[in-house]
Amino acid sequence: MKIATYNVNGIRARLPVLLRWLEQESPDVVCLQELKAPDDKFPEKEIEEAGYSAIWHGQKSWNGVAILSREYEMEEVVRGLPGDPDDLQSRYLEVVVNGIVICCLYLPNGNPAPGPKFDYKLEWFDRLNLRAQELMALDIPVVITGDFNVIPTEKDVYKPERWVDDALFRPETRAAYHALIAQGWNDAIRIVYPYDVIYTFYDYFRNAFGRNAGLRIDHFLLSPKLVDRLTDAGVNRDVRGWEKSSDHVPVWIALK
DNA sequence: ATGGCTCCATACTGGAGA
């Protein structure tokens, strides 16, 4: 079973690239972030013609997440991150598919930091960790994946010293991420590739992709019940070089 | 230190992204 995550940065602008990538990689389940489209503008027909059912949580202009499935039935569990009725941003979707809970998230960017956007990021992170703790306590197969907007370590950024004050790398952000990991979650990419330099995002500016000046901010976290089933993982780095690419790269895992 | 690029909105410009 192959599961992928891809921050598309606008599903309408990205549709040709998305469909080409789906055709090439044939993932069973796909978590998408940054749809940048309201619910009624989600390209349901094109996704269906590509062979996928879909559940989506859209929003006008910004944010938006979706989960696609090629073969397995999906059952929606949670829409929107619990814990704050005033938070209307579409950043979290949770489903059960093939006996696995899959959480698709788009964690707030948080820049500029400090400031209200950074406060929102940390508050959102606290609520994510509460939900993750609930799932961990169930002792079942769970995948938490998506765009975390977190650079976990210095190894995950091309020039760490330039990012120390950024909301993606500040101590508070890394502390929240490490608190999540400390619940017992396993970083799938680092299990398969403990030492390699792996990036999932390249800025549109300054030929970042050509210089391999990237960040690793899209992650796959596996519950203990699932980690033994991990057989492979990777990033589709070449997709970043395609015409009209997203600034993010698809990330995937394979489970037995 | 700045700006470089790309997306979306109701649009010839600005906000957000990371």
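Hydrogens, waters and symmetry mates play no part in the numbers below; they use all other heavy atoms, side chains included. A, B, ... follow the sequence lines: proteins, then strands. Residue 1 opens every chain.
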Enquirer: Could you tell me how far apart A:Asn63 (CG) and B:dG15 (C1') are, to the nearest whole angstrom?
Expert: 13 Å
Enquirer: Less than 6.0 angstrom separating the ring centers of A:His248 and A:Tyr202, yes or no?
Expert: no
Enquirer: Hunt down the Watson-Crick or G-U wobble partner of B:dG15, both distances under 3.5 Å, from any strand shown, or write none.
Expert: B:dC7
Enquirer: Looking at A:Arg12, I'd like to know whether one of its side-chain N or O atoms comes within less than 4.0 Å of OP1 or OP2 on B:dA9.
Expert: yes
Enquirer: To the closest 0.5 Å, what do you measure between OG (A:Ser246) and CG (A:Leu32)?
Expert: 10.5 Å
Enquirer: Given B:dC7, is OP1 or OP2 found less than 4.0 Å from the side-chain N or O atoms of A:Arg14?
Expert: yes
Enquirer: Are A:Glu94 and A:Arg131 ion-paired here, with the side-chain N under 4.0 Å from a carboxylate O?
Expert: yes
Enquirer: Let me know the distance between NE2 of A:His219 and C1' of B:dA18, rounded to the nearest Å.
Expert: 13 Å
Enquirer: Separation of A:Lys41 atom NZ from B:dT10 atom P, in whole Å?
Expert: 10 Å
Enquirer: With a 4.0 Å limit, can you tell me whether A:His248 has a side-chain N or O closer than that to the phosphate oxygens OP1/OP2 of B:dG17?
Expert: no
Enquirer: Rounded to the Å, how far apart are A:Asp165 CG and B:dA1 C1'?
Expert: 13 Å
Enquirer: Please report, rounded to the nearest Å, how far the P atom of B:dG17 is from the NZ atom of A:Lys36.
Expert: 9 Å
Enquirer: Below 30° counts as parallel, above 60° as perpendicular, anything between as tilted: where do the rings of A:Phe42 and A:Trp56 land?
Expert: parallel
